[in-house]
Amino acid sequence: MSELFTLPVLLGILYSGIRLATPYLYAAIGETFAQRSGVYNLGVEGIMLMGAYTAFYVASISGDLWLGLGAAAGVGAMLGLLMAFVSVTLRAEQGISGIGLHLFGLGLSTLLFKTTLGGVTSISGFQPVRIPFLADIPLLGDALFNHNLLVYVAFLLVPVANWVINDTTLGLKIRAVGQNPAAADSLGVSVGKIRYLTVTVGGVFAGIAGASLSIALINLFQENMTNGQGFIAVALVYFGGWRPWGVLGGAMLFSLVNALQLWIQVAGIELESDIAVMLPYLLTIVALAVAVRRAQQPAALSKPFERGEA
Amino acid sequence: MSEATSVVTRAAARSAWARRLQGWQGALVPVAAVVVALMIGAVVLVGLGADPVKAYSSMLEGAFGSVSGFTQTLVTATPLLLVGLGVTIAFRGGVINIGGEGQLIVGALAASAAALYLPLPGVLLLLAALIAGVLGGALWGAVPGALKAQLGVNEILSTIMMNQIAIQLANYLLRGPMIDPKEVEAGTRIAQSALLPADSWLVRLVPRTLLHGGSILALVMAVAVFFLLWRTTVGYRIRAVGLNPDAARYAGIPVKRYQMLALILGGAFAGLAGAVEVLGVQHRMLEGLSGGYGFSGIVAALFGKLHPLGLIPASVLFGGLLVGGDKMQRSVQVPDALIVALLGLVVLFVVGSDYIMRKRAAKAQSHE
Amino acid sequence: MNTSARTPLRELKMVDIVKRFPGVLANDGVNFDVRAGEVHALLGENGAGKSTLMRQLYGLYKPDSGQIIIDGQPRVFQSPADAIHAGVGMIHQHFMLVSSLTVAENVALGLASTRGPRLDLDRVAERIRGLAERYGLKVDPSAVVWQLSVGEQQRVEILKALYRGASLLVLDEPTAVLTPQEAQELFVTLRQMADDGHALIFISHKLHEVLALSHRVTVLRDGRLVGTYPTAEMTRADLARLMVGREVLLQYDRPPAQPGETRLQIDGLWAIGDRGVDAVRDFSLTVRAGEVVGLAGVSGNGQRELAEVLTGLRQPSRGKVTLNGRDVTHASPAERIAAGQCAIPEERMRTGVIKDFSVLENAILCDHSHRPFSRNTVLNFGEIAAHTRRLIADYAVKTPTAETPIKNLSGGNIQKLILARELCRKPTVIIAAQPTRGVDIGASEYIHHRLLEQRAAGTATLLISEDLDEIRALSDRIAVIFEGRLMGVVDAATATAESLGLMMAGTRQTE
Amino acid sequence: APAAAPTSAPVPTAEPQIIEVTRVVAGTPEVQVITATPPPAAPAETFRVAIVMPSSTTDMAFSQSMYEGLLAVQREMGGEGAMEIAYSEGMFSVPDAAAALRDYASQGYDLVIAHGSQYGTSLAQLAPEFPETSFAWGTALDTFQAQGVTNVFAYQAEAQQGGYVLGTIAALMSESGVIGISGPVEAGDAKLYVDGFKFGAESAKAGTKVNVSYTGSFSDVSLMAAAAETHVAAGADMLTGSSQSVVGAIGVAKDQGAYWFGTQWEQTFLAPEAVVASQVYDWTGIIKDMIASHQAGVLGGKSYTLTFKNGGLVIA
Ligand SMILES: Nc1ncnc2c1ncn2[C@@H]1O[C@H](COP(=O)(O)OP(=O)(O)OP(=O)(O)O)[C@@H](O)[C@H]1O
Ligand SMILES: Nc1ncnc2c1ncn2[C@@H]1O[C@H](COP(=O)(O)OP(=O)(O)OP(=O)(O)O)[C@@H](O)[C@H]1O
Ligand SMILES: [Mg+2]
Ligand SMILES: [Mg+2]
């Protein structure tokens, strides 16, 4: 057990945890916007897959990673719009539309993968960028400041999202629409427009989350490569109490424990592998149960808005 | 007075009529939505060089057009119906149960363990295994239920996490304590339990098919859940808590207890689905047994408008889509992924069409 | 953002407005107009179509036919944004506030900021203070809305409209939730606004307010226009007759009380409110069989919390409650119900009914697990339907059928059903909180009669109301609460409006 | 009596190939070396093969190896006219797979392959109902003869053999003396391979440290990559792993300058500089023998194993 608590191991866990957390952060921050405005998008997983595929495909045929990233964001936006259309305009039950979107993204990304790529290939993705000075900090420097660009951006997104939600006029509208859409509507705030916007932004971030896997962290596309990360991202929004900093906490907790359980196995500690794999899920629940911090969910979450039904 | 009564009864008759008409048309719209989705699929099929007519006729034939196809549809619909019942109860109680997958797995594990290890004769063994499945699923639903009631942990989060825990638990048990001793002996170590004693199997209904007694059990359960929700005080309370917890509390209903009960019952039905899969289809517990029914059951439940009786045709329709989709993949040899994507479109279109329907019904009513 | 530059509207006309809902003709060819500088009252029973008419004026509904004409120009409002733009503001019957946001945030919502994308809440707060000063609307811009009293919330609503430069203000039952004092303050504000050239539409069920405030009055009945009259030419009785279509008795015949044994006893009760501070402090009161004890007080002085403690929704921190001799201090709602207490909740839509349940299902909300409505957990719909029909007939509840979802009923009819449901259980103690809030005079009168019937039958009633007229009309003894404390209990027969007003303002009873 | 004369039918036209067959009769395994003769004679009518597999035909692992094996045999036999192949992929769901197997059998396919050990139970139920059809089950050893079933072949890769060989190489190549293995779930084929590799490495060079981890999933590419990172951080310079999710780990090996050993499929092209060798499953010999057996009237009962000796396992 003591093997685990050596400095290099802890730094290794930190490094892996940061990488693992990256796609969760994008997806969960995007979902935070959607949920703060009252829309619950369970289709994040499907959008991530389409983002991952698109980024990889475009980057590998064009040789331009940025183009790939942009394409992933674009596809994410389109799927976000689709979700918005179904859940906002058509006022469909949001959970089921999300599952539909997930299946659609899963199927389409695999189909495209098979017809355009035929099999797994790899590319050279975004390379680590050592941040001058910071990366030279002894010990911590390498674990924290030697990542690729998309990793840094994911973490920067947290304060930015926090600022947008809490300190801007747009954020005020988003919060109001998620809490009391009738009140927002009565002041001329277009509930539909705001929700379209947030769900689309959520889609963009989910697309980028996928891209972060396929062109920055793992640098290949494999069918269903997200393997449920989108669903975990949705769960992390709940964990984070609909606040960007909370989401960051949840994503880091989950990812660090995941990195830790791999270390437990690698270090040869007596623990059944299946039990080790359970740990992040178990601890996420325990963390929420023990930290008695009961954030109220946006009052209008998952409720379609119809004028005059107040 | 008499005039007033007649007005009341006339209005009642009219609104009942409107409701019936709405229900009838309501059934047509999802079908139309499915057709539109399939038309988009046809374009893709042509793009992939497959014959859409052949594809869809084989799909229809594979799902509904032959004894083997239709029985397979019913076999698939059975766990969907059971899981869907659980989802329905939970939803009606105002809690969202995404944990069907994990509850189904734990139910299947518990049912197998009971069938393997309990020294019971004949039909008692089957009964015990079914009950064990129900209890296993209920336990897996009770954990998020208790966490929600006692500590306010959001059930969407906890049920998603519980799914993963159940999968790993099954991995552990099936390669360790519960593994078929023969696998260890042969050195192949396939992660599955031993074959269950034949006493515990559900009866097969049609020879040379997998159709089993579990389907009848599921139908009975659908009616039972309908009865539970709309004809008993327990169901009344569950629905009251789901629709307005504040008013329910004011009226003396212990809200948290009923939210927890809704999750437990939700788990129990998913667990029963797991038991039925083990006892009716596989006759042993193995990896991959759930077939994703824990998720598909949610879709089926929502297709069925969260109504136990609506769920019966909905699960047959959805089961048919799954079975017919696979058949289509086999017959025109397009990637399985196309079927998955199509299914996604169908789901999106069907939920989307619901609103258009409601709008039209409301308009029709205000202009009559 | 230049709100003052817009020319204020001079005259607004609504012509031949027709609006249908499924099964209801809510407005049937209504004509209505209002001018700058005038207060125009809109009267009608519950469900007469007042709110519906106003919601069309505010762009929330589109008329099926008819026109809205502002200063001679026909206008079509697709949404509230259009209405706001045309200078219309509306204070809704149910407040349209985001309770998790601050006052300033609620006011700034949807408006451009002077700082581009960033919020400029400090400037908004400053302007709010300016407006508040001018119209006497005291409120703290940085307070979070859910912490405000109802009266304060209403001021926020008015500020929202003023801030947007509304020159026509619709107030849908603004006084339903106010104390007389607060209503008086509001009237000062409204008169000031009218003098400033605003046009005001004022909806109320309280005839004396209409008489005191408005210049003209329009009466609706069953969606149809009855007429528009200069207020000065009308009396209270005239208005009541126009609204209800019959004479309305506005006084009750009340034999002297013959109080029996103590039914409800509250001893030294303390309770913590939502804001984390004590809301009920050392409160003691006794209610005996056959009497009505009124609890008067300005809203937000602990009445709500007290009612919640008495109904088992809130745990008291200290003290004791005895119901029919049993200690029920920590009993659940169900246990209190079983012990013979019934309650009429303050917020009927939130706690009184389940709006998606049918009338029938709502009728058995507390009794569903008792015979004859259920037996071994199986519901007996024959009995339930018969029972519901009886309630509907006995209490004259207007509903298409017993299967109709209760949300389709008007507020007054919902309130009647709640009353019917609770009183038919033959309670020994009634906790009635704001039983006629927002209910029209016909229905109010009806409800009052029913409560007095209970008194005659020997029930102990605690009547919590912010409507002093109601308290005085029904109570045998009047208790006054201020900042969670009991200011005193006086005999209703001898209490004067002045002495009660003083106690409600925090002066302890001296005798 | 099944498997009495397994090789009687087609006339040999090429170099005979040794295939090791373990015949299981009434529960007693009995090893027999027989000679099979690829390719089977061009049949009068098209030989129809159907396969059901858990992952996809492009998984670069278990499913792809079998699918490509079938395609190779098809080419050898003379194309689609000689041999028809139908496949169902993505059958993680056992109930769906069972339905597919049943459907293929009822459509009269000559050989129906259940390419997943989790499909065995379904097959045991199904096979007796279609006595004319040959079934194959892998990876497994049981042909259900003990239950009186005679038309099921079983096949298994002795993955531990390749694991052992690769483990030996890895131990000898390793400078740090630390080797990292990441598997999906601790069972079946993956476990055989992992154990073989570990054993090979430890016996090749004393003091070699072998770290093993599992991700609990066959498809979690991210976690597999993180596992590889962890191994490298723990000092490993030789990595290996099993399942379709290892593609993530190969990238890590490449980026971090570690060496990779593959299994199930030739993985070199993903990172030529990092992949030392792969244990490749060559199922063609087994497929051909099953076809020949079927044509000779022997519909099942044979249990095949891929080994180095029979050429079924190849280090590439
Ligand atoms: N959104 C709606 N859908 C269906 N019916 C409605 C809707 N809104 C109002 N109604 C019905 O229209 C009629 C008029 O309602 P409205 O709310 O305008 O009455 P009101 O005069 O404001 O009554 P109150 O004094 O109780 O506020 C009622 O019968 C009501 O039930
Ligand atoms: N009646 C009003 N009183 C005060 N401010 C208003 C009013 N109507 C609009 N505003 C605000 O004044 C600013 C300019 O309003 P204007 O109506 O000219 O633009 P707009 O095109 O309606 O704005 P938007 O695109 O947000 O609807 C906006 O911030 C708007 O929210
Ligand atoms: Mg399928
Ligand atoms: Mg109204």
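A note on names: the letters A, B, ... follow the listed sequences, proteins ahead of strands, and every chain is numbered from 1.
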Quiz prompt | Residue among A:Asn166, A:Asn180, A:Ile194, A:Thr169 with most heavy-atom pairs under 4.5 Å to chain C | solution = A:Thr169
Quiz item: Taking A:Ala176, A:Pro181, A:Ser186, A:Ala183 one by one, which has the highest count of heavy-atom pairs under 4.5 Å against chain C?
Solution: A:Ser186
Exercise. Select one option (side chain, backbone, both, neither) describing which atoms of C:Glu157 are under 4.5 Å from chain A's heavy atoms.
Key: neither
Quiz item: Taking atom OG of A:Ser190 and atom NZ of A:Lys173, what is their separation to the nearest 0.5 Å?
Solution: 9.0 Å
Exercise. Please check if the distance between the ring centroids of C:Phe77 and C:Tyr58 is under 6.0 Å.
Key: no
Quiz item: With only heavy atoms counted, which part of C:Ser100 is less than 4.5 Å from chain A, the side chain, the backbone, both or neither?
Solution: side chain
Quiz item: Between C:Lys407 and C:Asp356, is there a salt bridge with N-O shorter than 4.0 Å?
Solution: yes
Exercise. Check whether more than 12 heavy atoms from other residues, nucleotides or ligands sit under 6.0 Å from atom CZ of C:Arg123, and answer yes or no.
Key: no
Self-check item: Region of C:Leu109 in contact with chain A, defined by heavy-atom distances below 4.5 Å
Solution: both
Quiz item: Does A:Phe33 have its ring centroid less than 6.0 Å away from the ring centroid of A:Trp242?
Solution: no
Quiz item: Using non-hydrogen atoms only, which part of C:Asp120 is less than 4.5 Å away from chain A: side chain, backbone, both, or neither?
Solution: neither
